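Below is one structure; the comments refer to it alone.
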Protein chains: 2
Amino acid sequence: MAFPTPGKPVRGSRSGQPIMALFDLLGRSWAMGIIWHLSAGPGTFRALQEYCETISPTTLNKRIKELIQARMVTKTLEGYALTETGEELFKMLFPLGKWAKDWAQNLKENK
Amino acid sequence: MAFPTPGKPVRGSRSGQPIMALFDLLGRSWAMGIIWHLSAGPGTFRALQEYCETISPTTLNKRIKELIQARMVTKTLEGYALTETGEELFKMLFPLGKWAKDWAQNLKENK
DNA sequence: AGCTTTGCTACACTAAATGTAGTGAAAGAT
DNA sequence: ATCTTTCACTACATTTAGTGTAGCAAAGCT
């Protein structure tokens, strides 16, 4: 399966705008979770599988291949790891961790 | 369909950690695209449908309901709009726009 | 009254993800 | 050397998510 390539139509957009290709890529199940996990250091297929709990090996394998094609992940001797591009992306995703907690708290209080 | 609720098991994670609920929510097709579009100002159902090009009304309707439940979107007189929470989220997503362009450029150059 | 726009719903079809099982290769123990 | 584990997947049947086309009721305009 092809990964969402900027400049080409992607799932959800014919325009091929980079941001839409990125949203398509990150929007696939567990893509952000994988990046989140690898930000803590390289991990094996099994480690990712365990971390992701409910991911099927089929999907994990697809997702890894897509992230490699997108140059966000590489295979190293210690397992899969973020590339420099992947690290950059993680740095932008990072604030979401803290924010998500506040969001969760707020939802809880005002339900 | 339920929206990913922090504290409960979500698609892709049984832990219910807020970040995972958020990733599940944003990871559904077009969720980030909708937020991205609404950041420019309120929009009607039809406007969103046009912007999203390939979204089906079925999915758009589901996504809107989920985002409303998650307190990121509300219905106003001028159409659907981001809540304050939604705006906050957008501000964190915003840098991705610029970054996506560089990423696309880089992919193009080194293929 | 008739025409348009809006915000949907219905439904059949396709694509994506899951869950369980199993396979081939490499490393470690006996 | 063979036996067992561990690892990185692949196969495949089932379930869930998303698409695409059609259409409908309510509101606004003329």
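When reading the values below, keep in mind they use all heavy atoms of this one structure, side chains included, and skip hydrogens, waters and symmetry mates. Just so it is clear, the model here is predicted, and its values are computed rather than measured. Quick note on labels: first sequence line is chain A, next is B, and so on, each numbered from 1.
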Please list, pair by pair, any protein nitrogen or oxygen found under 3.5 Å from a nitrogen or oxygen in nucleotides 10-15 of chain D.
unit_1 : atom_1 : unit_2  : atom_2 : d
D:dT10 : OP2    : A:Asn61 : ND2    : 2.1
D:dA11 : N6     : A:Thr58 : OG1    : 3.4
D:dC12 : N4     : A:Thr58 : OG1    : 3.3

Looking at B:Thr44, does any N or O in its side chain come under 4.0 Å of the phosphate oxygens OP1/OP2 on C:dG7?
yes
task: Take the angle between the ring planes of A:Trp36 and A:Phe94 and call it parallel below 30°, perpendicular above 60°, tilted in between.
output: parallel
Whole-Å distance, B:Lys62 NZ to C:dA16 P, equals 15 Å
- Query: Should B:Ser29 be listed as having a side-chain N or O under 4.0 Å from OP1 or OP2 of D:dG18?
  - Reply: yes
When rounded to whole Å, the CD to C1' distance for the pair B:Gln49 and D:dG18 reads 14 Å
Per nearest nucleotide of DNA chain D, the residue lying toward the 5' end, B:Leu60 or A:Ala47, is A:Ala47
**Asked** Should the ring pair B:Phe3 and A:Trp103 be called parallel, tilted or perpendicular, given that the plane angle runs from 0 to 90° and is split at 30 and 60?
**Response** perpendicular
Hits for salt bridge (Lys or Arg N to Asp or Glu O under 4.0 Å) against B:Lys98, two or more places apart or cross-chain, chain-then-number order -> B:Asp102
Salt bridge check, B:Lys91 against B:Glu88: does any charged N sit closer than 4.0 Å to a carboxylate O? no
Whole-Å distance, B:Ile34 CD1 to C:dG7 P, equals 14 Å
Exercise. So A:Tyr51 and A:His37, would you call those rings parallel, tilted or perpendicular, with 30° and 60° as cut-offs?
Worked result: parallel
Atom CZ of B:Arg28 and atom P of D:dT16 are separated, to the nearest Å, by 13 Å
Could you tell me whether a side-chain N or O of A:Ser39 sits under 3.5 Å from a main-chain N or O of A:Phe90, the two making a donor and an acceptor? no
Using only side-chain N and O atoms of B:Arg63, determine if any of them is under 4.0 Å from OP1 or OP2 of D:dA17. no
Is the distance from OP1 or OP2 of C:dA17 to the nearest side-chain N or O of A:Thr59 less than 4.0 Å? no
